[in-house]
*Asks:* 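Structure incoming, see below.
All ligand and atom numbering here is 1-based and tracks the order in the structure. Basis for what follows: all heavy atoms, side chains included, without hydrogens, waters or symmetry-related copies.
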Amino acid sequence: MTMGATTPANTAGSLKSSLGRRLLIYILLFSSCVTLILTGLQLYLDFRRDVAGIHKRLDEIERSHLPSLAASLWNMDEPLLRAQMRGILSLPGMHAVEVRETVPNVATPLRIRLETPNRDPAITRDFGIVHAGADGPREIGLLRLEASLAPLYRELIDRAMVILASQGVKTFLVSLFILLLVHRLVTRHLTALSHRLGESDAETGPIALHLDRAPAVGGGDELDHLVSSINAMRARLTQSLHDLREAHTRMEADVAARERAEAMAAHLAVHDPLTDLPNRHQLLERMRHELALASRLGTHGAVILIDLDHFKVLNDALGHGIGDHLLASAAGRLRAQARDIDLVARLGGDEFAVLLPGQWHGREEATAAALDFAERLRLLLSEPYPTQGQSRHLAASLGVALYPGDAGDSETLLKHADTALHHAKSEGRDCVRLFLPSMQTAAQVRHHLDHWLREALHDNQFSLAFQPLVDGNGRPFGAEVLLRWRHPEQGWIAPADFIPLAEESGLILGIGQWVLDAALRQAAAWENAGLSGPDFHLAVNVSPRQFHHPGFPDRVRESLTRSGVAPTRLVMEITEGVLLQHGSRAIVTMRTLKDLGVRFLIDDFGTGYSSLSYLKRLPVDGVKIDQSFVADLAHDASDAAIVDAILGVARGFDLTVVAEGVETTHQLEALRRRGCDGYQGYLFGHPVPADEFARRWLAGPADADQS
Ligand code: C2E
Ligand code: CA
Ligand code: CA
């Protein structure tokens with residue numbers, strides 16, 4: 001951008017502007033002072049010269065007129081004397097002439113004074129009048145001359161006037177010239193710069209300023225430096241402004257993001273992210289409120305707990321994507337069925353709750369309505385779920401608890417509903433159960449059991465029982481290791497009663513490890529005592545949770561190493577459920593252990609959900625036909641068909657088949673005919689402690705236990 005051309009208007013402006021005016025005043029004042037001082041000095045010198053000139057003239061008058069005046073005075077020729085004095089007075093600048101006789105002893109000495117009328121200041125000089133007589137020169141009188149200073153003063157004043165006038169004009173012109181010069185060189189640029197700087201360039205950013213003049217040669221002067229400094233400063237300022245704006249924008253974005261995150265967090269704090277249903281926290285809050293309301297109004301309400309049956313297995317088998325989709329669909333159905341006043345919440349995993357606020361006046365009415373509603377939910381949840389072109393099926397178990405009758409506070413109420421739900425599950429799932437006070441004892445037992453189990457592991461309350469596995473001739477080739485628990489007060493507690501709980505709570509990890517260590521220790525003891533033959537193996541049950549634990553293969557290896565037992569002596573019994581979950585990881589775990597020499601059997605074979613095709617992918621060595629098929633083998637045609645099918649598949653995959661729960665010779669015969677490889681059951685022997693097992697099965701030749 002070029003600096004605006006200087007117009008007369010802004011010249012005037014700059015002249016009037018304080019800088020120009022001040023400059024003019026200072027220059028005028030200064031040069032006037034100087035002029036005055038110099039003029040005064042010059043006038044003073046002139047004055048001294050002129051006074052010297054007057055004195056010189058007076059000296060000349062003395063020289064030329066004094067002899068004749070002396071003669072006239074000596075002769076006392078007064079008329080002549082006067083004529084001579086008049087002649088002197090007529091000389092220019094003379095003011096007065098006086099002659100006085102100074103001869104002593106004269107009674108009336110002569111005194112003549114001639115003067116001009118004006119009374120100007122004057123210079124007075126006295127000269128002695130000397131008569132040169134025969135007896136030498138003798139002073140006879142005094143001549144006084146007074147020369148007027150007025151003409152001298154007049155001339156000085158004239159001269160001062162001329163000097164002052166000329167100096168004043170000169171000073172003024174020079175000042176004006178300097179002012180114009182300053183304006184041209186400096187102030188107009190400053191004015192233009194300040195105008196440019198005042199213009200807003202917030203949008204466009206600064207455009208470099210430059211001066212309205214030819215570019216300076218050799219680096220430029222102060223103005224060039226000023227302009228380039230301003231330009232640099234403005235560039236820096238603009239950059240800073242830009243940075244500031246960006247920081248501000250970022251900060252605003254941050255603040256907005258934080259606000260969103262906070263809102264989200266607030267929402268998430270009371271909502272489940274997957275289904276967007278209220279969470280447990282919100283449910284409990286609302287329950288507190290509804291319970292208080294119901295007790296004030298004397299009404300009845302209910303809470304329903306819903307658990308999707310076998311969802312975990314399904315979720316692991318189908319993948320979490322489909323699992324999440326199923327959960328969201330189930331949540332949608334629940335929400336659709338609920339009324340606006342009801343609250344549907346997800347408590348985590350596959351567990352949901354519906355709160356039916358107190359709206360019924362009698363307990364019977366509330367019970368009927370809540371059970372009816374729960375049943376509708378169950379039916380709704382069991383309808384097919386179309387997923388990725390397939391239709392999937394879910395079933396649900398539901399527990400119903402009423403308030404205010406069943407519980408005084410929301411936590412207890414939820415616990416009651418949970419107890420009812422557990423009953424629904426233990427009674428075959430896919431059903432609705434209402435909480436009854438009698439259920440509480442079972443729940444309490446379960447609660448105690450968990451506590452007792454922890455103590456059991458700690459206090460060594462577990463032991464092992466061994467049940468023989470025999471071949472077609474009744475000879476033992478191994479034993480299944482079965483866990484036994486004797487509680488100091490409760491007595492024997494069956495594995496079926498505590499294994500599922502241990503699995504749920506994770507205690508099975510510790511328990512399973514204990515079983516493995518103890519079993520291998522026992523195997524080593526028998527081997528060292530020379531009781532077990534080279535092919536004798538121990539079959540240990542491994543629970544899903546234990547199997548899927550990432551450290552499982554290492555723990556097994558360590559346990560084997562500790563005991564010194566060959567891995568080929570160890571067989572692991574796993575259920576189909578284990579293989580459905582995390583299929584590929586399960587295979588990796590199995591392969592790791594199989595590489596050591598450990599073998600795998602599929603326990604309770606035939607009771608699982610899946611097709612037999614997975615056998616193809618798995619490195620299993622054999623299957624155990626579930627005892628339920630064996631039990632009915634003799635008279636149930638379909639069970640016989642299943643056993644045939646299992647044997648057919650097993651042969652196809654070259655798997656060992658062991659039949660368990662063989663109690664009668666009938667069953668044994670039927671199985672033998674079909675070509676089983678091994679047998680286990682009370683027909684041969686019950687599970688017994690190690691020493692008894694060794695006595696019966698390892699010490700001597702195999703004897704069938706016919707008891
Ligand atoms: P399982 O693995 O199917 O074990 C066989 C069960 O059938 C044992 O019950 C055994 O006593 C019983 N049994 C054996 N022969 C017969 C028979 O002829 N007739 C009948 N009716 N039953 C027979 P137990 O010892 O009560 O074990 C029950 C379940 O507890 C086992 O079923 C197994 O799933 C689990 N279990 C036992 N010990 C362990 C263990 O150390 N770890 C794990 N994870 N589970 C174990
Ligand atoms: Ca087993
Ligand atoms: Ca079994």
*Asks:* Between R378 and E375, is there a salt bridge with N-O shorter than 4.0 Å?
*Replies:*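 Yes, charged N to carboxylate O under 4.0 Å.
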*Asks:* Under a 4.0 Å N-O cut-off, is there an ion pair linking R454 with D450?
*Replies:*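 So R454 pairs with D450 through a salt bridge.
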*Asks:* With heavy atoms under 4.0 Å as the rule, classify the contact between Q467 and ligand 1 as side chain, backbone, both or neither.
*Replies:*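 Contact part for Q467 vs ligand 1: side chain (C-beta onward).
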*Asks:* Pick one of side chain, backbone, both or neither for how Q627 approaches ligand 1, counting any non-hydrogen atom pair under 4.0 Å.
*Replies:*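 Within the 4.0 Å criterion, Q627 contacts ligand 1 through side-chain atoms alone.
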*Asks:* Between E503 and R545, does any NZ, NE, NH1 or NH2 come within less than 4.0 Å of an OD or OE carboxylate oxygen?
*Replies:*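 Salt bridge flag = no for E503 with R545.
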*Asks:* Please verify whether a non-hydrogen atom of G661 lies at under 4.0 Å from ligand 1.
*Replies:*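 The answer is yes: ligand 1 sits under 4.0 Å from a heavy atom of G661.
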*Asks:* Under 3.5 Å, N or O to N or O, is V542 touching ligand 1 that way?
*Replies:*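 Among all N and O atoms of V542, none is under 3.5 Å from an N or O of ligand 1.
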*Asks:* With rounding to 10 degrees, what does the angle D603:OD2 / the Ca ion (ligand 2) / N541:OD1 come to?
*Replies:*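 It rounds to 80°.
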*Asks:* Mind checking what makes ring-ring contact (aromatic ring centres under 6.0 Å, His included) contact with H537, not counting sequence neighbours?
*Replies:*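 With neighbours one apart ignored, the set is F477.
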*Asks:* Can you tell whether the side chains of E351 and R346 come within less than 4.0 Å, N to carboxylate O?
*Replies:*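 No, no charged N to carboxylate O under 4.0 Å.
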*Asks:* Is a salt bridge present between K594 and D621, judged by a nitrogen-to-oxygen distance below 4.0 Å?
*Replies:*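 Here K594 pairs with D621 in a salt bridge, since their nearest N and O are under 4.0 Å apart.
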*Asks:* Can you name the N, O or S atom of E573 that is closest to the Ca ion (ligand 2)?
*Replies:*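 For E573, the N, O or S atom at the smallest distance from the Ca ion (ligand 2) is OE1.
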*Asks:* So if I count the atoms of ligand 1 from 1 in the order they appear, which ones are less than 4.0 Å from some heavy atom of S543?
*Replies:*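 So the atoms of ligand 1 that pass are 44 (N).
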*Asks:* Considering P495, A539, A519, P468, which one's heavy-atom position lies nearest to atom 36 (N) of ligand 1?
*Replies:*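 Comparing heavy atoms across P495, A539, A519, P468, the nearest one to atom 36 (N) of ligand 1 lies in P495.
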*Asks:* Quick check on contacts: which atoms of ligand 1 are under 4.0 angstrom from a heavy atom of P687?
*Replies:*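 Near P687, meaning under 4.0 Å from one of its heavy atoms, ligand 1 has 11 (O).
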*Asks:* List ligand 1 atoms under 4.0 Å from R484, heavy atoms only on the residue side.
*Replies:*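 Numbered from 1, ligand 1 contributes 11 (O), 25 (O).
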*Asks:* Answer with yes or no whether the side chains of D604 and Q627 bring together a donor and an acceptor at under 3.5 Å.
*Replies:*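 No, D604 and Q627 have no side-chain donor paired with an acceptor closer than 3.5 Å.
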*Asks:* Which atom, among the N/O/S set of E480, is closest to the Ca ion (ligand 2)?
*Replies:*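 That would be atom OE2.
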*Asks:* Once you restrict to heavy atoms under 4.0 Å, what part of K624 touches ligand 1? Side chain, backbone, both or neither.
*Replies:*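 No part of K624 comes within reach of ligand 1.
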*Asks:* Please work out whether the ring planes of F536 and W526 are parallel, tilted or perpendicular, with thresholds of 30° and 60°.
*Replies:*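 Geometry flag for W526 against F536: perpendicular rings.
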*Asks:* Quick one: does E660 get within less than 4.0 Å of ligand 1, heavy atoms only?
*Replies:*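 Distance cut 4.0 Å: E660 passes for ligand 1.
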*Asks:* Could you tell me, atom by atom, which parts of ligand 1 come under 4.0 Å of a heavy atom of E663?
*Replies:*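 Every atom of ligand 1 under 4.0 Å from some heavy atom of E663: 17 (C), 18 (O), 19 (N), 20 (C), 21 (N).
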*Asks:* Please could you name the atoms of ligand 1 that D604 approaches to less than 4.0 Å, counting only its heavy atoms?
*Replies:*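 This gives 3 (O) as the contact atoms.
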*Asks:* Within ligand 1, which atoms have a heavy atom of E480 less than 4.0 Å away?
*Replies:*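 Checking each atom against E480, I get 2 (O), 4 (O).
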*Asks:* Can you label the angle between the Y682 ring and the H686 ring as parallel, tilted or perpendicular, going by 30° and 60°?
*Replies:*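 Y682 vs H686 ring planes: parallel.
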*Asks:* If you measure from each non-hydrogen atom of L482 to ligand 1, which part falls under 4.0 Å: side chain, backbone, both or neither?
*Replies:*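 Within the 4.0 Å criterion, L482 contacts ligand 1 through backbone and side-chain atoms alike.
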*Asks:* State whether R672 and E669 are salt-bridged, where the test is any N-O pair (Lys NZ or Arg NE/NH1/NH2 against Asp/Glu carboxylate O) under 4.0 Å.
*Replies:*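 Looking at E669 together with R672, the answer is yes, because their closest N to O distance falls below 4.0 Å.
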*Asks:* Flag E660 as yes if one of its N/O/S atoms falls below 3.0 Å of the Ca ion (ligand 2), otherwise no.
*Replies:*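 Coordinating: no.
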*Asks:* Taking only heavy atoms of I499 into account, list the atoms of ligand 1 that are under 4.0 Å away from them.
*Replies:*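 Listed by number with element, the hits are 43 (C), 45 (N), 46 (C).
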*Asks:* For ligand 1, which atoms, with element, lie under 4.0 Å from some heavy atom of V662?
*Replies:*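 This gives 18 (O) as the contact atoms.
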*Asks:* Does R569 pair with E527 as a salt bridge, N-O distance under 4.0 Å?
*Replies:*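 Looking at R569 and E527, the cut-off is met.
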*Asks:* Describe, in one word, how the ring planes of F600 and F547 are oriented to each other, choosing from parallel (under 30°), tilted (30 to 60°) and perpendicular (over 60°).
*Replies:*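 F600 vs F547 ring planes: perpendicular.
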